[in-house]
Amino acid sequence: MIGRLSLFVPRCLFVVLCFAAFGARAEPYLAVQLGLKCGQCHVNPTGGGLRTTFGDIFSQTVLPAQHLDSPLDNWTGQLGQYLRTGGDLRFDASAMQAPNTRTVDQFAVQQMRLYAEADLIPNRLLAYVDEQVAPGGALNREAYLVYWSATHDWYLKAGQMYLPFGLRLQDQTAFIQTTTGINMTTPDQGVEFGWERGHWDAQFALSNGTAGGAVNSNGKQSSAQLIYVESVWRTGVAANYNAQSGGAKSAYGIFGGLRTGPISWLAQAEITDDQSIANKQGKQLATLLEGNWLIARGNNLKITHELFNPNRAVPNGEQTRWSLVYELTPIQFVQIRTGFRRNDGIPQDNAEHGRLYFVELHGYF
Amino acid sequence: MQIDRYGSWAALMLLAGAAGCAGNGQGLDQNGQPISMGGGSGGPTTADFQSIQDTVFTPICSKCHIGASAPEGLQLDAAHSYNFLVGVPSTEQPNLVRVKPSDPDNSYMVRKIEGLPGITGLQMPYMETPLSQATIDAIRQWIANGAPNAPAAAAKAQVFAVQATAPVDKATVKAPPAQILVTFTQEVDASLVNDTTVTLERIDSASAAAGGAKTMTAIARLAPMNPAVLLITPTTRLEPGAYRVTVRGTGGGALANMNAATLGADTSFEFTVEPAQ
């Protein structure tokens with residue numbers, strides 16, 4: 001009976017997904033295309049990392065252009081009654097050019113991450129770990145416990161975690177990720193309270209403010225965001241305040257998404273003020289506008305414009321970045337991304353005029 | 001469907017309209033800092049080496065870490081910092097490199113500026129306010145990005161030559177160095193690093209009495225993650241006395257860069273190890 005049920009549930013999910021989410025894809029734009037919250041496809045309610053069973057089935061049956069038949073059931077990461085696992089591998093071939101500089105081309109494993117979730121009390125209490133195992137030695141990214149309310153309308157998380165602040169993009173080098181310093185390379189240790197009810201999502205986190213490093217002051221970092229999700233659009237606001245030694249740093253952001261036919265749009269704007277930097281030079285601005293055109297199932301074309309003002313107190317120093325990325329998911333578990341990123345900035349700095357060409361193999365399970 | 005179509009066009013126009021342009025750089029120096037403010041120091045640190053040099057190493061660290069007496073032989077002025085950091089084993093904890101590209105957590109410099117448990121000595125900057133978290137994050141990000149050199153610095157390095165040494169020429173050191181560094185302006189061809197191109201000799205009166213300079217056994221190799229840095233490790237502890245390191249840049253099999261350009265001349269430097277107090 002249990003065996004039949006274990007086959008029945010994924011198949012039902014598959015059917016539901018085929019009708020509800022035809023042709024949708026990964027990252028926040030996927031959520032916009034589907035009209036779902038991040039926690040629908042990821043164990044982490046704020047997105048990223050291990051996929052839920054829904055996310056696993058979706059990524060194998062709806063995401064790829066073609067679903068290769070397998071004698072095995074769809075992968076759901078289930079290892080026994082209490083454990084689930086998953087992972088992501090990103091391997092790049094890239095060439096980076098800048099004026100008057102030798103081109104750097106290389107193969108590189110960007111990351112191999114393994115995720116594990118222990119359902120200690122099913123649907124109520126889980127332990128989660130996100131470990132980067134390559135390149136280099138093992139590096140813990142996230143490790144926390146989450147307690148969910150019986151009705152799943154609030155949760156409490158404690159441990160090391162990514163902080164909530166706007167869109168959680170795959171590209172960790174996006175201006176909106178680096179300006180705040182809040183991204184998936186800088187988890188912090190603390191607690192997070194989440195509230196999910198109807199169209200609303202909210203999180204509040206209190207953490208050390210040291211990005212997982214040693215505590216060097218008594219100040220703490222507070223992060224909060226509030227999101228409203230409709231089926232074709234969403235909007236949210238985020239704030240962060242880090243009472244770090246040497247001067248507080250604050251960040252405020254507004255973000256949203258919109259689906260118009262086959263195109264999903266993402267937008268975010270944020271300002272930061274780092275008072276540890278003298279002469280008001282810590283006031284920065286970063287924006288992102290992105291369109292994702294679902295050309296056909298398994299084929300996505302992404303165009304992104306980013307703006308970064310490294311010093312809002314001084315004019316003429318803005319930097320921009322345009323990205324054109326084509327994403328092909330030919331079969332389940334395999335995605336190939338190829339793209340071009342063009343940076344532009346002040347004429348006198350060659351480093352702000354980089355051109356990046358890349359092909360990336362993304363394996364996921 | 002009409003809404004979808006119009007919505008797409010509206011969003012596309014919004015994207016085009018909202019897309020800002022890069023600044024023209026008027027009134028700014030090469031680092032994007034106002035010329036009237038002197039430029040360089042004081043700006044927010046970003047995850048590139050030039051920014052870290054201008055906002056951290058030069059104004060803060062090189063107050064001490066400069067010249068022949070730089071602590072731990074670590075020179076952090078603009079001319080030397082990259083090759084003294086990237087891929088170079090720490091003298092305090094030789095099992096860790098100071099900056100390990102793509103791995104900030106295992107980079108000893110990060111542990112020092114974060115003041116993590118297990119470091120030798122004190123958190124850096126020495127006896128000063130710790131770096132802001134934003135600055136540390138930028139340094140971490142630069143390392144996570146592979147710790148690339150500043151394009152401008154790389155562009156300047158047109159001539160293959162010895163850039164710096166540690167110990168510096170004519171230096172007197174109180175303790176025998178476990179490792180001797182020679183940094184170059186460009187990457188070195190590893191196949192040419194051997195005991196005919198890199199020699200360590202004892203040149204003091206004790207060796208003269210024994211018949212002249214005495215060649216010391218030492219292992220020479222390039223730093224694994226920075227082939228512009230030559231690491232020379234004596235196989236035995238250096239006794240008090242005078243020493244000379246020679247890098248052969250002429251003749252067959254001379255040390256050369258990846259384009260087979262040799263140094264063009266032999267380069268030597270000397271240092272003295274003081275007797276223990």
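We name chains A, B, ... by the order of the sequence lines, and we start the count at 1 in each one. Note: hydrogens, waters and symmetry copies are ignored here, and every other heavy atom, side chains too, is used.
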Participant: Would you say CH2 of A:Trp293 has more than 12 non-hydrogen atoms from neighbouring residues, nucleotides or ligands within 6.0 angstrom?
Facilitator: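 Counting other residues, nucleotides and ligands, CH2 of A:Trp293 stays at 12 neighbours or fewer.
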Participant: Starting at CD of A:Gln319, measure out to OG1 of B:Thr46 and round the result to the nearest 0.5 Å.
Facilitator: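 A:Gln319 CD to B:Thr46 OG1: 7.0 Å, rounded to 0.5 Å.
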Participant: Less than 4.5 Å to any heavy atom of chain B: does that hold for the side chain of A:Asn309, its backbone, both, or neither?
Facilitator: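 For A:Asn309, neither part sits under 4.5 Å from chain B.
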Participant: What distance separates A:Asn140 CG from B:Asp105 CG, expressed to the nearest 0.5 Å?
Facilitator: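 Those atoms lie 9.5 Å apart.
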Participant: Given heavy-atom pairs under 4.5 angstrom as the criterion, report whether the side chain, backbone, both or neither of B:Gln141 touches chain A.
Facilitator: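 The side chain, not the backbone.
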Participant: Give the minimum heavy-atom separation between B:Ala134 and A:Lys249, together with the two atoms involved.
Facilitator: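 So the two residues come closest at CB-NZ, 3.9 Å.
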Participant: Might you point out which heavy atoms bring B:Gly23 and A:Pro347 nearest each other, and give the distance in Å?
Facilitator: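 For B:Gly23 versus A:Pro347, the nearest heavy atoms are O-CD, 4.0 Å.
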Participant: What's the shortest heavy-atom distance between A:Asn316 and B:Leu28, and which atoms?
Facilitator: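 Closest approach of A:Asn316 to B:Leu28: O-CD1, 3.5 Å.
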